[in-house]
Engineer: 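Can you read through this structure? Questions will come right after.
Every heavy atom of this structure was used, including side-chain atoms; hydrogens, water molecules and symmetry mates were not. As the structure is a prediction and not an experimental result, all values here were calculated from the model. To find a chain, count down the sequence lines: A is the first, B the second, and so on, and within it residues start at 1.
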Amino acid sequence: MGRERSEVNDIDRSLYDFRYEEKEEDFYKVKEGLTEDIVREISVEKNDPEWMLEFRLKSLSVYNELKVPDWGPDISGLNMDDIVTYVKPRTKMKTAWEDVPDDIKNTFERLGIPEAERKSLAGVGAQYDSELVYHNVKEEVLAQGVVYTDMESALTGEYEEMVKEHFMKLVPPTDHKFAALHGAVWSGGSFVYVPPGVKVEIPLQSYFRLNAAGAGQFEHTLIIVSEGADLHFIEGCSAPKYNVANLHAGCVELFVGKNAKLRYSTIENWSKNMYNLNTKRAICEEGATMEWVSGSFGSHVSYLYPMTVLKGNDSHCEFTGITFAGEGQNLDTGAKVVQTGRRTSSYINTKSISKSGGISTFRSAVTIGSKAEDSKAAVSCASLMLDDISRSDTIPAMDIRTNEADVGHEAKIGRISDDAVFYLMSRGISEEDARAMIVSGFADNVSKELPLEYAVEMNNLIQLEMKGAIG
Amino acid sequence: MRVNRLHSPTWNALKINEAVIEERIVLNDSGKATVEKIPAGVMIGNESCRECGGCELKDQVDIKSITCGMGNEADVFFADASKDVLMIHTRPGRKAAEPVNVRYLMENGDSNADRVEILAEEGSSLTVIMDYSSSRLDASGFFGIQTRIRVGAGASVHLVKVNLLGSGFLSMDDIGVTVEDNGFFDITQMCLGGGRNLIGMAADLKGYKAQFNGDMAYLCIGSQDLDMNYHISHHGRKTGSELQVKGALRDAAKKNFRGTIDLVKGAKGAHGNELEDVLLLSEGVVNKTLPVILCDEDDVEGTHGASIGRLSSDMLYYMQTRGFSKGEAELLATKAKLNSVRNLIKDDNTHGRIQYFIEEAFK
């Protein structure tokens, strides 16, 4: 006799797959592929200073030398000769939604961005393909001295030296092939500077929408949180589905000053034709705190491992993440921590769900250096398999080089516990409801870390519809 | 020679995906095995037995296809280096009351590679104790051994491996085992000697309810370097595995541990668990740990845990209230870890040698 099996629906992507028909004349774009001419063309288009052009060309050279990673999911379906690296809507960045062209504005309306801005955000940046089309920040935040602008304005304006000092210093182009690609063709993204002691009470948000078929998005986010400051930054991203490969190779660099705190929340919901090869990295000075909250739901293939360098003594980081891999998805996600300061501490806590043939891999690395005395690290990962055609792996590495550290690790992979279902049923709950409650509870530790509207979005993404089926 | 490569590699920058033996190994055919005891019900033979046909050992041919943990390059090395094979065989239903003791005495300058095949036929049981030692603690040389084991249906094999080699030895210990229906394979390993030690083990739980248990203890001091790769594949339904690894690192010692529980599609009802407990005793140690679970089946349970670092503050406080210094408390904790595995070895002679080695190491 078949065993009753719970069914968890696929993520409802209709909201994200929506798009308006676009005309070629609405956009300027470079040719497909990656050549020096294309890199120069992007640089001219973006009005780069000379040093940035040199940086791009060096990055291209590094890209051509480095090999594709040989340890992760297969990305042979990604052919750079078919990718358009720069697509610019024929509109300038606006500071009022009514000035944004209707089709673009309506796309963001449907995604709920203007409404979220009105209700609960201190500032919003909205990127459409390769360029920001909207950027605004509340007056009271500006009055605190907070800078929140697009990267191009920062690069060519009064913050050029600050950008030059920090740009791709945490993630050098030599880090890996797709970091080098980013260095060569980056476009868009946000620049945030929070002055010493300033606490930004409500979050800033950047939303990245990749709308063009066969295109790449390479936005760069650079955030500097000064000594004693506090910021919550939210990043959202989505794309409609096409039959050709799209590529996202963004880069996030976060500098968290002495005794400062930064929370970086992401709901990643790319379409299932997307190769998401994103790089995120933070460095913490003395007493600083870095918090990552990450939800990975979309993309065809993901390589995503936010990394934190706990350089300063007494610095701390937490990573909370959830990954949901459905049909046709191979999501390789996790986190990295490098602890070199004394009395540093880190906690990585992740959940993953695999269903309908999806592959979810948790990958992590905790490195504790020889000088990181009295440091602590804990890693906890749990994976839930919802059927027997999916796959879930955990690959956590630890490299410990001091005897004055405490490192703990625990991992568990399995299906919904029959005992837990039995317990709930013995309290009068139906089996279907019991299974739904268990899966909801499994994801609960992540959703409660998200801002309310994002928690709602995540719960909508994991729409749980439990029904009896023969397993 | 590249050995101990992970089935599911991770970032190359971590330098944990494989181990490389750069030394050119020159063998001088010294340090041969001595089988000290042959209990009733156990047959011992060698490669020529396959041709002889005079006893059941001729049938022991399918063991050669068993995959070992170190990988293909080690396979080629052992096939070239050791033309002969020591064969240990129990007939169906025979339960050996005493262990088979296989001893390798490796003196300074010795360099030898050997192969061993163990076949426990259906319903039989057998304990094999293999110890590799040197009479001088500072002896140098090379010692390699490749051991293949087939545990038949309902059979039980307890394999004990003890490394008490001199501190200048490079050693390779390559193991492959398959376990049939309701079979049980139990391995107890202690790696105390040698300079650079590499251990690879692949266990394939092929049969229904096949079971694996592993207890491994190590002590790495001075400049000792230990590299381990355990891969336990669950193919059979309701198979189970438990792997416990515990040890201590001191001075400038290095250790890599890779442990993979591979829950293969179709292994319904299987469960695998691995635990590592490492005590770090000096500033200059390097400890790398990679406990992997690969899961291609939903009706399974895989867990792993690791605890790495110093003696817990509660334990240290307790010991200090009893008058022990921090150093004495760490020494006691280390000996307790090692002795908990030593006590699984039911052989007084081997116990004595291990005890002597531990005492010498802490002088």
Engineer: Only pairs of heavy atoms separated by less than 4.5 Å count here; which of P69(A), A411(A), A397(A), S370(A) has the most with chain B?
Structural biologist: A411(A)
Engineer: Would you indicate whether E283(B), at its atom CD, is surrounded by more than 12 heavy atoms from other residues, nucleotides or ligands within a distance under 6.0 Å?
Structural biologist: no
Engineer: When only pairs under 4.5 Å are counted, which of S392(A), C381(A), G408(A) shares the most heavy-atom pairs with chain B?
Structural biologist: S392(A)
Engineer: When heavy-atom pairs shorter than 4.5 Å are enumerated against chain B, which of S383(A), A365(A), A378(A) gives the highest number?
Structural biologist: A365(A)
Engineer: Based on non-hydrogen pairs under 4.5 Å, which of L280(B), L281(B), L275(B) is most in contact with chain A?
Structural biologist: L280(B)
Engineer: Specify which of P291(B), S8(B), G284(B) makes the most heavy-atom pairs with chain A at under 4.5 Å.
Structural biologist: P291(B)
Engineer: Please state whether the side chain, the backbone, both or neither of S364(A) comes within less than 4.5 Å of a heavy atom of chain B.
Structural biologist: backbone
Engineer: For K15(B), does the NZ atom sit with more than 12 other heavy atoms under 6.0 Å from it, leaving out its own atoms?
Structural biologist: no
Engineer: Pick from G309(B), C295(B), G305(B): which one has the most heavy-atom pairs with chain A under 4.5 Å?
Structural biologist: C295(B)
Engineer: For a side chain to side chain contact (heavy atoms under 4.5 Å, CB included) with Q339(A), tell me which candidate from V407(A), T367(A), T344(A), T402(A) qualifies.
Structural biologist: T344(A)
Engineer: Among the options V292(B), D296(B), T303(B), L311(B), pick out the one with the most heavy-atom pairs lying under 4.5 Å from chain A.
Structural biologist: D296(B)
Engineer: I would like to know whether H234(B) and S241(B) meet side-chain hydrogen bond (donor to acceptor under 3.5 Å, both in side chains); could you show each step before the answer?
Structural biologist: CA-CA 8 Å; H234(B) 291 251; S241(B) 67; 2.8 Å; yes
Engineer: Answer yes or no: are there more than 12 heavy-atom neighbours, outside K177(A) itself, under 6.0 Å from its atom NZ?
Structural biologist: yes
Engineer: Does any backbone or side-chain atom of V286(B) lie under 4.5 Å from a heavy atom of chain A? Answer side chain, backbone, both or neither.
Structural biologist: both
Engineer: Indicate the atoms forming the closest heavy-atom contact of L14(B) with K288(B), along with that distance.
Structural biologist: O-NZ, 2.8 Å
Engineer: Check the pair D393(A) / R363(A) against salt bridge (charged side-chain N to carboxylate O under 4.0 Å, His left out), numbers first and verdict last.
Structural biologist: CA-CA 8 Å; D393(A) 297 338; R363(A) 191 184 299 274; over 6 Å; no
Engineer: Counting heavy-atom pairs under 4.5 Å to chain B, which of K371(A), M398(A), K376(A) comes out on top?
Structural biologist: M398(A)
Engineer: Would you mind checking which part of S380(A) comes under 4.5 Å of any heavy atom in chain B, side chain (CB onward), backbone (N, CA, C, O), both or neither?
Structural biologist: neither
Engineer: Would a line drawn from the ring center of W292(A) to the ring center of Y305(A) be shorter than 6.0 Å?
Structural biologist: no
Engineer: I'd like to know which of S390(A), A377(A), G414(A), P396(A) tops the heavy-atom pair count under 4.5 Å against chain B.
Structural biologist: P396(A)
Engineer: Select one option (side chain, backbone, both, neither) describing which atoms of D175(A) are under 4.5 Å from chain B's heavy atoms.
Structural biologist: neither
Engineer: Between the main-chain N or O of Y317(B) and the side-chain N or O of Q320(B), is there a donor-acceptor pair closer than 3.5 Å?
Structural biologist: no
Engineer: Measuring heavy-atom distances to chain B, does K336(A) have an atom under 4.5 Å in its side chain, in its backbone, in both, or in neither?
Structural biologist: side chain
Engineer: Return yes when atom CG of D251(B) has more than 12 non-hydrogen atoms of other residues, nucleotides or ligands closer than 6.0 Å, and no otherwise.
Structural biologist: yes
Engineer: For N273(B), is it the side chain, the backbone, both or neither that has a heavy atom under 4.5 Å from a heavy atom of chain A?
Structural biologist: neither
Engineer: Between E373(A), E410(A), H409(A), H176(A), which has the largest tally of heavy atom pairs under 4.5 Å with chain B?
Structural biologist: H409(A)
